[in-house]
Amino acid sequence: MEERLGRNVVYVGSFNPVHIGHIIMMKYGLAHFDYLNMFVRYNDGVDLTDWETKQGFFEKIGDDLGARDRIRIYKEVSEEKGKSYGLELFFDFIRKTEKVIGEEVDGFLFGADYEKILPELEKEFPNIKFIILSRDEGYSSSAIREDLEGHKDWLPPYVYETLKNRE
């Protein structure tokens with residue numbers, strides 16, 4: 001059995017589109033925490049699908065993992081494109097998550113690209129576990145967006161079919 005690390009873990013991203021690397025991270029969160037709280041960035045006009053379709057992908061993934069009741073989805077509307085590593089933005093966001101969830105946050109899941117701000121996060125929030133996971137396979141939403149057909153194996157079939165049909 002996997003080591004339990006707490007009740008609530010947060011995983012944030014644009015998931016545009018959600019791919020196998022994201023699902024690997026989700027599985028880790030579900031294996032170690034009671035609830036996986038997904039803060040999903042949505043940017044109308046930038047996202048490859050509408051919000052309802054994107055949300056439906058996460059519901060299907062939850063069903064596939066047998067954990068739909070343990071995954072909570074929160075819509076983050078954003079005009080920003082790309083990732084932001086500004087510490088004050090992150091600090092504000094981390095504080096906000098507990099208010100939105102209504103419970104203490106025990107952990108955050110990040111990809112290896114966030115490792116550079118890890119010391120500052122741990123200093124500011126000593127009671128939160130910041131978990132950095134490497135997706136060695138190199139999964140990248142931008143690579144998928146640039147070459148859907150060449151990366152279809154990186155996508156759940158229903159995501160691939162939806163994106164293929166919109167082209």
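Note that the numbering runs from 1 along the sequence shown for the chain.
- Formation of a donor-acceptor pair under 3.5 Å by the His22 side chain with backbone atoms of His19 is found in this model.
- The heavy-atom pair separating Ser142 from Ser140 by the smallest distance is OG-OG, 2.9 Å.
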### Task
Check the pair Ile117 / Leu87 against side chain to side chain contact (heavy atoms under 4.5 Å, CB included), numbers first and verdict last.
CA-CA 8 Å; Ile117 64 170; Leu87 284 178; 3.9 Å; yes
### Query
Going through the distances and angles, do Asp34 and Arg4 end up as a salt bridge (charged side-chain N to carboxylate O under 4.0 Å, His left out)?
CA-CA 8 Å; Asp34 297 335; Arg4 186 176 178 286; 2.5 Å; yes
### side chain to side chain contact (heavy atoms under 4.5 Å, CB included) between Phe15 and Phe58, intermediate numbers included
CA-CA 10 Å; Phe15 309 99; Phe58 287 105; 3.5 Å; yes
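- Asp64 and Tyr158 are linked by a side-chain donor-acceptor pair at a separation below 3.5 angstrom, with hydrogens and angles left out of the test.
- Each of Phe110 and Tyr35 belongs to its own hydrophobic cluster when Ile, Leu, Val, Met, Phe, Trp and Tyr are linked at side-chain heavy-atom distances under 4.5 angstrom.
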### Message
Set out, in order, the CA-CA distance, both residues' side-chain angles and the distance that settles side chain to side chain contact (heavy atoms under 4.5 Å, CB included) for Thr162 and Thr49, then state yes or no.
### Response
CA-CA 8 Å; Thr162 299; Thr49 66; 4.3 Å; yes
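- With contacts defined as side-chain heavy-atom distances shorter than 4.5 Å, the pair Phe39/Thr97 qualifies.
- Contacts classified as salt bridge (charged side-chain N to carboxylate O under 4.0 Å, His left out) and involving residues 7-20 (residues at least two apart or in different chains) are given here: Arg7-Glu103.
- For Asn16 (side chain) and Leu48 (main-chain N/O), a donor-acceptor pair under 3.5 Å exists by modelled atom type.
- In this structure, His32 contributes its side chain and Leu5 its backbone to no donor-acceptor pair below 3.5 Å.
- Contact of the Phe125 side chain with the Phe108 side chain is not registered, since no non-hydrogen atoms from C-beta on lie closer than 4.5 Å.
- Judged as a salt bridge (charged side-chain N to carboxylate O under 4.0 Å, His left out), not a single pair has a partner in residues 14-30 (not counting sequence neighbours).
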### Message
Is there a salt bridge (charged side-chain N to carboxylate O under 4.0 Å, His left out) between Lys152 and Glu149? Walk through the geometry before answering.
### Response
CA-CA 5 Å; Lys152 71 181 188 180; Glu149 203 58 39; 3.5 Å; yes
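- Looking only at atom types and distance, the side chain of Arg72 has a donor-acceptor partner in the side chain of Asn8 under 3.5 Å away.
- Atom CG of residue Leu121 and atom NZ of residue Lys129 lie 15.0 Å apart, to the nearest 0.5 angstrom.
- Considering only residues two or more places apart in sequence or on other chains, Asp50 meets the side-chain contact (heavy atoms from CB on, under 4.5 Å) condition with Tyr42, Glu52, Thr53.
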### Message
Show, in sequence, the C-alpha distance, side-chain angles and deciding distance for Glu76 and Lys96, and conclude whether the salt bridge (charged side-chain N to carboxylate O under 4.0 Å, His left out) test is met.
### Response
CA-CA 12 Å; Glu76 284 290 306; Lys96 175 183 141 184; 3.0 Å; yes
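- Residues Ile73 and Val40 are in side-chain contact: their nearest non-hydrogen atoms beyond the backbone lie under 4.5 Å apart.
- When atom types are taken as modelled, the side chain of Lys75 and the backbone of Gln55 share no donor-acceptor pair closer than 3.5 angstrom.
- In this structure, Tyr114 and Phe90 have side chains that are in contact, with non-hydrogen atoms separated by less than 4.5 Å.
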